[in-house]
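A short write-up of the structure that comes next.
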Amino acid sequence: MAGRTFAIGDIHGDAAHLFKLLSCLPTLDEGDTLVFLGDYVDRGPRSREVVEYVRCLHEHTPAKVVALRGNHEDAWLRVIDKGWDEFVIPPGNGCLAAMRSYAGGKLPAENEMPRRDELMVLTSGSFFPDEDVDWFRTLPYWYEDEHAIYVHAGLPRGPDGFVHPKDVKAPIALLWCRDMDFFANYRGKLVVFGHTGTQYLPPELSGYTPEDPTDLWAGENCCGLDTGCGKGGFLTALELPAKSVYESR
């Protein structure tokens, strides 16, 4: 008999919502799996704490822990390896908040730009400790079990339909794609994803509280869990196969 899987949406540096959500879950055992959909950092005030907690969680729970790569972890690796000022400088990406959670400093105000003395550290990503960078590099692009396929962003379409993650030639697409075609027309094994805020997904296609566009989004064969944590929203988990929903609000 397959165990329970609890998929958890984008956290974005909001440790308070993470801990609140985990406290709402039933007691976990060795047959259970926690799948985090990525985006542990940026925007919220406590990126460092979130990364350390999720990175070490397997030491403190009997459940299996799967932490997927999000586009923000992927972007920071690009920053560290090659530089990517276009990602770290815009305030909307929340990178300054992540840096200050590691290096010290208050949460930036909306649209606040980095100070001159912060630019070098921010644009190099040198504030991340080695153990966190090494962990980012190990994060897988996808996971699959008896219940669903789990990816950060979604599945790309190929010539013969939507492509299973194992067959995607450029797995970075699993982290960055944002395609209404997938949300509306994917049919197949359930796909659980984050990345695109549920408020931006078509509410008329959701079978779960369509009157509340900020809530979990449940399409025909795919389910979106990015309910705005770290951006003024809350954190959501989906339990499979029961399809129970847990929230931090």
Side-chain angles (χ1 to χ4, degrees), residues 7-14 35-44 67-79 84 86-95 98 136 139-144 148-210 212-238:
I8 297 173
D10 306 33
I11 304 168
H12 278 301
D14 200 324
V35 179
F36 293 90
L37 296 179
D39 278 9
Y40 311 100
V41 298
D42 299 334
R43 299 191 175 119
L68 298 183
R69 182 181 301 214
N71 68 303
H72 280 250
E73 290 75 49
D74 189 72
W76 275 114
L77 290 175
R78 178 173 167 181
V79 170
W84 191 10
E86 294 83 0
F87 174 75
V88 297
I89 298 299
N93 287 335
C95 298
F136 287 175
L139 299 177
Y141 290 88
W142 62 282
Y143 177 72
E144 183 175 10
I149 297 167
Y150 309 86
V151 295
H152 179 63
L155 303 184
R157 184 187 279 277
D160 300 316
F162 292 97
V163 183
H164 189 281
K166 67 179 174 56
D167 298 318
V168 174
K169 294 182 179 179
I172 194 172
L174 302 171
L175 311 181
W176 292 89
C177 64
R178 184 172 280 132
D179 189 351
M180 192 59 64
D181 181 31
F182 169 72
F183 306 139
N185 298 315
Y186 170 77
R187 298 294 182 270
K189 185 173 183 177
L190 177 65
V191 174
V192 182
F193 65 94
H195 185 55
T196 298
T198 55
Q199 63 181 316
Y200 303 113
L201 296 172
E204 69 276 9
L205 298 181
S206 177
Y208 184 79
T209 62
D212 181 1
T214 68
D215 215 340
L216 174 149
W217 185 88
E220 186 74 22
N221 293 109
C222 53
C223 188
L225 300 188
D226 183 357
T227 49
C229 189
K231 300 173 284 185
F234 55 95
L235 188 59
T236 294
L238 173 66

Only pairs under 3.5 Å count here: list side-chain donor-acceptor contacts from residues 200-207, not counting sequence neighbours, and write none if there are none.
| unit_1 | atom_1 | unit_2 | atom_2 | d |
| --- | --- | --- | --- | --- |
| Ser206 | OG | Tyr208 | N | 3.2 |
| Ser206 | OG | Tyr208 | O | 3.1 |
| Ser206 | OG | Ala218 | N | 3.1 |

On a heavy-atom basis, which atom in [X] and which in [Y] lie closest, and how many Å separate them?
X: Leu238; Y: Cys223; answer: CD2-SG, 3.8 Å
X: Arg69; Y: Glu73; answer: C-OE1, 4.0 Å
X: Gly194; Y: Leu37; answer: N-CD1, 3.8 Å
X: Cys222; Y: Tyr186; answer: CB-CD2, 4.4 Å

For [X], check ring pair (Phe, Tyr, Trp, His ring centres under 6.0 Å) against everything at least two apart and list the hits.
X: His72; result: His12, Phe87
X: Trp142; result: His164
X: Phe234; result: none
X: Tyr150; result: Tyr143

Beyond-backbone contact of Val88 with Trp76, side-chain heavy atoms, under 4.5 angstrom: yes
message: Contact between Leu225 and Ile8 at the side-chain level, heavy atoms closer than 4.5 Å - yes or no?
response: no
- request: Carefully, step by step, assess Asn93 and Asp42 under the rule side-chain contact (heavy atoms from CB on, under 4.5 Å).
  value: CA-CA 7 Å; Asn93 287 335; Asp42 299 334; 5.8 Å; no
task: I would like to know whether Thr196 and Phe182 meet side-chain contact (heavy atoms from CB on, under 4.5 Å); could you show each step before the answer?
output: CA-CA 12 Å; Thr196 298; Phe182 169 72; over 6 Å; no
Rounded to the nearest 0.5 Å, what's the gap from [atom1] on [X] to [atom2] on [Y]? Could you check?
X: Cys177; Y: Leu155; atom1: SG; atom2: CG; result: 7.0 Å
X: Leu190; Y: Ile149; atom1: CG; atom2: CD1; result: 8.5 Å
X: Asp39; Y: Asn71; atom1: CG; atom2: CG; result: 4.5 Å
X: Ile11; Y: Cys229; atom1: CD1; atom2: SG; result: 7.0 Å
X: Leu68; Y: Leu174; atom1: CG; atom2: CG; result: 10.0 Å

Worked check of side-chain contact (heavy atoms from CB on, under 4.5 Å) between His152 and Asp10: CA-CA 9 Å; His152 179 63; Asp10 306 33; 3.2 Å; yes
- prompt: Just by modelled atom types, is the Val191 backbone N or O under 3.5 Å from a matching donor or acceptor in the Asn221 side chain?
  reply: no
field: Backbone of Asp215 reached by a side-chain donor or acceptor of Thr198 within 3.5 Å
entry: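 Yes; judged by distance alone, with no hydrogens or angles, the pair exists.
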field: salt bridge (charged side-chain N to carboxylate O under 4.0 Å, His left out) contacts in which one or both residues fall within residues 171-195, not counting sequence neighbours
entry: Glu144-Lys189, Arg157-Asp181
Proximity of Phe193 and Phe183 rings by center, below 6.0 Å: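 Close enough - the centres of the two rings lie under 6.0 Å apart.
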